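All values derive from a computational prediction rather than experimental measurement. Naming: A, B, ... by sequence-line order, numbering from 1 per chain.
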Amino acid sequence: MVTIKDIAKRAGVSFSTVSKALLGNPNIKAVTKERIWEIAREMGYQPNIAARSLVSRKSGAIGIIWPTVERGALSSLITKLNDELERRGYTTLLSISRTDAAIESFNRYRMDAVLLFGDHSGNRDELSGIGSMQSPLLVYGAAGSHPFSTVDVNRGQAIRLAVRHLAELGHSRIAYLGRPDGDDPMQTVKIEAFLDEARTLGLRVDDESILRIEGLETHDGYIAAEAMFGWPSPPTAVISGGVDLTRGIYRAARERGLRVPEDLSVVSYDNIPLMEDLDVPTTAVGVSVHAIASVIAEALHKLIEMSDEQLTIALEPEIVVRSSSTRLQ
DNA sequence: GTGCCTAAGAGTTTCAGATC
DNA sequence: GATCTGAAACTCTTAGGCAC
């Protein structure tokens, strides 16, 4: 392996001069810098990250504890987030282990900061190891349900936008496909907002307004929609808790020969480009993944630079109207 | 054999000082 | 003042020496 000492020997300068030249220090003559860069290129020099982090006390790596790799919206977000962090000079390490196991690994690898997805924040069992966290921690989602720095979307407001949009189109029998049970505060806040906004607008709210599901994946959406279509008087519009659930709804509708939006208007949470490419270009509420990724990356950078800082950042959602929602026939 | 302590080593950055 | 050098420092692991 080529080190700065090898380059120094070849260039006939000290290794501290090589270090400064490669870092662009203005106290090194331009011609010396050029010569050192040329030799470094010739010798195939690659900086030793371990040694560099020894001095800087920074690894340049950010650990992300991710809930699952199976959900479309999350894949979209992780891709954008990785781009944003790379642009700021960080390497991303992703863990889909239990939170406590992930924290242990990230401590070992000396992450500069760790991002935790709010899905985990209600699970006290998994959070038992969080006290041993040696890096700044940022939680995405579930603001108010934990004491850590947070970036969160105003999910309740997003669902309110969806309810208002459908009400304006004349729908009064609207269902929400979400998960009322369990310990995920990010889902609970959406359901509470749905019920509150529906009551405020004088819409019909009953036991069938919330479609109970086991998880947030396509299959869960399919099973719930199947049950809904079997009711004697199914709703004319549905708000879905996420893109994968929406896929499940479309599959169930297709199998029954139902059309979206003619027979059922659909509005989905998750403001991601993928919504444009579903069976029906889908009306979506939320914050764009690009904006979320950019804000998270900036917040992580801030936490690394000022580790004592406590951040709470709320993002306001928008509605993007597409052809999956229409006026009640 | 076990336990404890100390020194060395890894590659890089950065500060203080030397040279021109 | 510009440019460069030398040495210390960073953290952790491993090896060697010593006492029991």
Side-chain angles (χ1 to χ4, degrees), chain A residues 1-66 78 81-117 120 126-140 147-149 294 296-311:
Chain A
M1 192 177 76
V2 179
T3 71
I4 58 171
K5 290 182 180 172
D6 301 316
I7 299 170
K9 199 170 174 185
R10 172 94 78 93
V13 296
S14 72
F15 59 82
S16 60
T17 301
V18 173
S19 173
K20 284 175 183 167
L22 294 175
L23 291 173
N25 189 307
N27 291 332
I28 305 296
K29 268 199 299 189
V31 64
T32 309
K33 275 186 202 166
E34 273 171 35
R35 189 159 52 89
I36 287 170
W37 266 108
E38 185 59 34
I39 293 170
R41 269 193 293 272
E42 270 177 34
M43 298 179 82
Y45 170 73
Q46 291 290 332
N48 184 317
I49 301 299
R52 185 172 279 179
S53 61
L54 203 58
V55 178
S56 65
R57 301 194 198 186
K58 294 204 172 112
S59 62
I62 289 176
I64 301 182
I65 305 170
W66 212 246
I78 187 63
L81 187 53
N82 186 63
D83 290 347
E84 288 291 332
L85 290 171
E86 231 170 39
R87 207 162 58 77
R88 289 166 171 81
Y90 295 105
T91 299
T92 306
L93 295 182
L94 188 65
S95 172
I96 54 170
S97 302
R98 280 172 53 94
T99 305
D100 44 4
I103 287 170
E104 195 181 322
S105 298
F106 287 157
N107 277 341
R108 233 178 259 157
Y109 287 102
R110 309 275 163 174
M111 297 293 110
D112 285 348
V114 171
L115 173 70
L116 173 67
F117 200 77
H120 293 287
E126 287 202 26
L127 289 182
S128 59
I130 215 157
S132 62
M133 173 76 78
Q134 290 167 10
S135 322
L137 175 70
L138 179 70
V139 178
Y140 170 59
F148 311 110
S149 288
S294 172
I296 289 177
E298 194 53 41
L300 285 166
H301 181 66
K302 256 189 197 162
L303 285 175
I304 292 166
E305 296 300 310
M306 300 168 284
S307 56
D308 294 339
E309 189 113 345
Q310 174 85 14
L311 298 175

Check the distance between B/dT12's P and A/Lys9's NZ and give it to me in whole angstrom.
16 Å

Any donor-acceptor N/O pair, A/Asp112 side chain to A/Gly60 backbone, under 3.5 Å
yes

Electrostatic pair A/Glu84:A/Arg88 at N-O distance under 4.0 angstrom:
yes

Rounded to the nearest angstrom, tell me the gap between atom CD1 in A/Ile7 and atom P in B/dT12.
8 Å

Which nucleotides of nucleotides 13-20 of chain B have their base under 4.0 Å from a protein heavy atom (B), which only their sugar-phosphate (S), and which neither (-), written as one string 5' to 3'?
BBBB----

Does the A/Ser135 side chain pair with the main chain of A/Met111, one donor and one acceptor, at a distance under 3.5 Å?
yes

Main-chain N/O of A/Asp6 paired to A/Arg10 side chain as donor or acceptor, under 3.5 Å:
no

For A/Leu303 versus A/Pro136, what's the shortest heavy-atom pair and its separation?
O-CG, 3.7 Å

Got A/Ile78 and A/Leu94 here, is their nearest side-chain heavy-atom distance under 4.5 Å?
yes

Between A/Tyr45 and A/Val2, what is the shortest heavy-atom contact and its length?
CD1-O, 3.5 Å

Under 4.0 Å from any atom of DNA chain C, heavy atoms only: list the residues of residues 29-44 of chain A that qualify, in numerical order.
A/Lys29, A/Thr32

Should A/Arg35 and A/Glu38 count as an ion pair when the cut-off is N to O under 4.0 Å?
no

